[in-house]
Amino acid sequence: MTVLISEMCKLRLSDENPWGPPGLPDSLLLPPELSWFQTVGESALGVESFSYQGEPHVVLAQPFAGRCLILTWDYGLQRFRPEEELSAPSVVSCKPLELGQRLFVLAARLWGGSQLWARPGPGLRLAPTQTLAPRRLLRPNDAELLWLDGQPCFVVADASKAGSTTLLCRDGPGFYPRQSLHAWHRDTDAEALELDGRPHLLLASASQRPVLFHWFGGRFERRTDIPEAEDVYATRHFRAGGDVFLCLTRYIGDSMVMRWDGSMFRLLQQLPSRGAHVFQPLLIARDQLAILGSDFAFSQVFHFEPDKGFLEPLQELGPPALVAPRAFAHITMSGRRFLFAACFKGPTQIYQLHELDLSA
């Protein structure tokens, strides 16, 4: 693991110390290190962390194994272990939702139809309960959870030439189509975010620049697109210092960081990213990180510096090196923090975060 010592040893000159516990000198605060912890054998396209009945869990979308694999923490062995698996051949996304005693998992699949699985209560197993919009979801590429007017909804980005991204909202026991979005544009990614106090949805596609929709009158309406952002495969956002930032993934060219200025997103930073399918921000404890995955080089971890308003390089992930990473997620167990890296052409890797404390 290569750590950029010059960045790790940089002094913080602010007197307010927003990143650490009160009383700890700024010069002793360092960003975290990541070291390998565990390997999950099968490859994966997606990873999500969630809580059920107060217990943290992780679910992996494993298309070659044909399943959504739910992992939990083994307190005896101090490792992650499989808890339950859902049959889902050619799955691209497993999106969990906890509603009181009930647990839902949306399994978005390339072939055979997307399905909703449900667990009525603790101690029961998940079972398939519904086939989701079989005539609309032709080739899903991403699924996201969002809340609209107090109701849980899923949005599934469809990448087929004849399909359209679909908003599915809860109605009685299941989730049903409420709106079709962005037809014929071969959407590759959906990102739900809040701007100006209202729900928004950002769609990236293979045919045009990312398009921003806002929730108005009980439906999503187009608001604007993102200028100078061609060939964007995926988008993710984070908040820092009251501002909203975007991480835009580009497989060819440079990935970008943008900031919302009240009317549109403006370019802040470009990062070389040939072969990238994921550029994902993660808030872990006090640190805002962003991980840029690559199919051809080491994946890079960046640390957001609030004084500068930029991402600064922190370290490379590995060994072991990630093989075609597609998604990242973090989870806290027994006071320890872990990072999951789902890889398309290799096993899923789990890293542990270590905070360096120089106060002793």
Determine, stepwise, if the pair Leu212 / Ile226 fulfils side chain to side chain contact (heavy atoms under 4.5 Å, CB included). CA-CA 8 Å; Leu212 184 68; Ile226 299 181; 5.7 Å; no
Can you sort out the partners of Glu228 under salt bridge (Lys or Arg N to Asp or Glu O under 4.0 Å), two or more places apart, ordered by chain and number?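 Expected list: none.
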Taking the side chain as C-beta and beyond, is there a heavy-atom pair between [X] and [Y] under 4.5 Å?
| X | Y | answer |
| --- | --- | --- |
| Thr39 | Gln349 | yes |
| Leu181 | Leu201 | yes |
| Glu48 | Cys94 | no |
| Leu148 | Phe220 | yes |
| Asp287 | Leu353 | no |
| Gln62 | Val40 | yes |
| Glu305 | Phe310 | no |
| Val278 | Ile291 | no |

Hey, what do you get for [atom1] ([X]) to [atom2] ([Y]), rounding to the nearest 0.5 Å?
| X | Y | atom1 | atom2 | value |
| --- | --- | --- | --- | --- |
| Leu132 | Phe175 | CG | CZ | 9.0 Å |
| Leu146 | Glu191 | CG | CD | 10.5 Å |
| Phe104 | Leu116 | CZ | CG | 6.5 Å |
| Met258 | Gln269 | CE | CD | 12.0 Å |
| Leu248 | Leu267 | CG | CG | 9.0 Å |
| Leu268 | Leu311 | CG | CG | 9.0 Å |

Out of curiosity, does [Y] fall in the hydrophobic cluster containing [X] (side-chain heavy atoms, cut-off under 4.5 Å, transitive links)?
| X | Y | result |
| --- | --- | --- |
| Leu195 | Val232 | yes |
| Leu246 | Val244 | yes |
| Leu322 | Phe296 | no |
| Leu314 | Phe298 | no |
| Leu203 | Val156 | no |

Residues which pass side chain to side chain contact (heavy atoms under 4.5 Å, CB included) with Arg136, listed by chain and number, not counting sequence neighbours: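 Result, side chain to side chain contact (heavy atoms under 4.5 Å, CB included) vs Arg136: Ala133, Thr166, Pro177, Ser180.
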Check the pair Arg250, Leu271 against side chain to side chain contact (heavy atoms under 4.5 Å, CB included), reporting the backbone distance first and the verdict last. CA-CA 10 Å; Arg250 300 176 74 197; Leu271 299 169; over 6 Å; no
Is the distance between the ring centroids of Trp36 and Tyr351 under 6.0 Å? no
Is Arg219 paired with Glu221 through a side-chain N to carboxylate O contact shorter than 4.0 Å? yes
Electrostatic pair Arg223:Asp196 at N-O distance under 4.0 angstrom: yes
Stepwise side chain to side chain contact (heavy atoms under 4.5 Å, CB included) check, Leu45 with Val91: CA-CA 8 Å; Leu45 266 179; Val91 67; over 6 Å; no
Where does the angle between the aromatic ring planes of Trp73 and Phe37 fall among parallel (under 30°), tilted (30 to 60°) and perpendicular (over 60°)?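 The arrangement is parallel - the two ring planes meet at less than 30°.
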Relative to each other, are the rings of Tyr233 and His277 parallel, tilted or perpendicular (30° and 60° limits)?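 It falls in the perpendicular class, over 60°.
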Which atom of [X] lies closest to which atom of [Y], heavy atoms considered:
| X | Y | value |
| --- | --- | --- |
| Val155 | Ala190 | CG1-CB, 4.0 Å |
| Leu106 | Ala143 | CD2-CB, 4.0 Å |
| Lys161 | Trp184 | O-CE3, 2.9 Å |
| Cys247 | Ala290 | SG-CB, 4.5 Å |
| Pro347 | Gly41 | CB-O, 3.3 Å |

Counting only heavy atoms not in [X] (residues, nucleotides, ligands), do more than 12 fall under 6.0 Å from its [atom1]?
| X | atom1 | answer |
| --- | --- | --- |
| Phe216 | CZ | no |
| Arg198 | CZ | yes |
| Leu124 | CG | yes |
| Arg274 | CZ | no |
| Trp147 | CH2 | yes |
| Arg139 | CZ | no |
| Tyr52 | OH | yes |

Is a donor on one side and an acceptor on the other found under 3.5 Å between the side chain of [X] and the backbone of [Y]?
| X | Y | result |
| --- | --- | --- |
| Asp142 | Asp189 | no |
| Glu84 | Leu126 | yes |
| Arg170 | Gln151 | no |
| Gln288 | Phe238 | no |
| Arg109 | Trp111 | yes |
| Ser273 | Ser255 | yes |
| Gln280 | Ala327 | no |
| Ser51 | Pro56 | no |
| Thr249 | Phe279 | yes |
| Thr129 | Trp117 | no |

Begin with the C-alpha distance, continue with both residues' side-chain angles, and end with the deciding distance and a verdict on side chain to side chain contact (heavy atoms under 4.5 Å, CB included) for Arg266 and Arg259. CA-CA 5 Å; Arg266 305 280 186 182; Arg259 182 174 60 198; 5.8 Å; no
Can you list, pair by pair, the side-chain donor-acceptor contacts under 3.5 Å of residues 328-335, counting residues two or more places apart and other chains?
| from | atom 1 | to | atom 2 | distance (Å) |
| --- | --- | --- | --- | --- |
| His330 | NE2 | Leu283 | O | 3.3 |

Is it the case that the side chains of Gln115 and Thr131 hold a donor-acceptor pair, with the cut-off being a distance below 3.5 Å and no angle test? no
Sole residue of Thr165, Asp187, Asp158 in side-chain hydrogen bond (donor to acceptor under 3.5 Å, both in side chains) with His182: Asp187
Derivation and outcome, salt bridge (Lys or Arg N to Asp or Glu O under 4.0 Å), residues Glu144 and Arg236: CA-CA 11 Å; Glu144 296 295 333; Arg236 292 291 182 268; 3.5 Å; yes
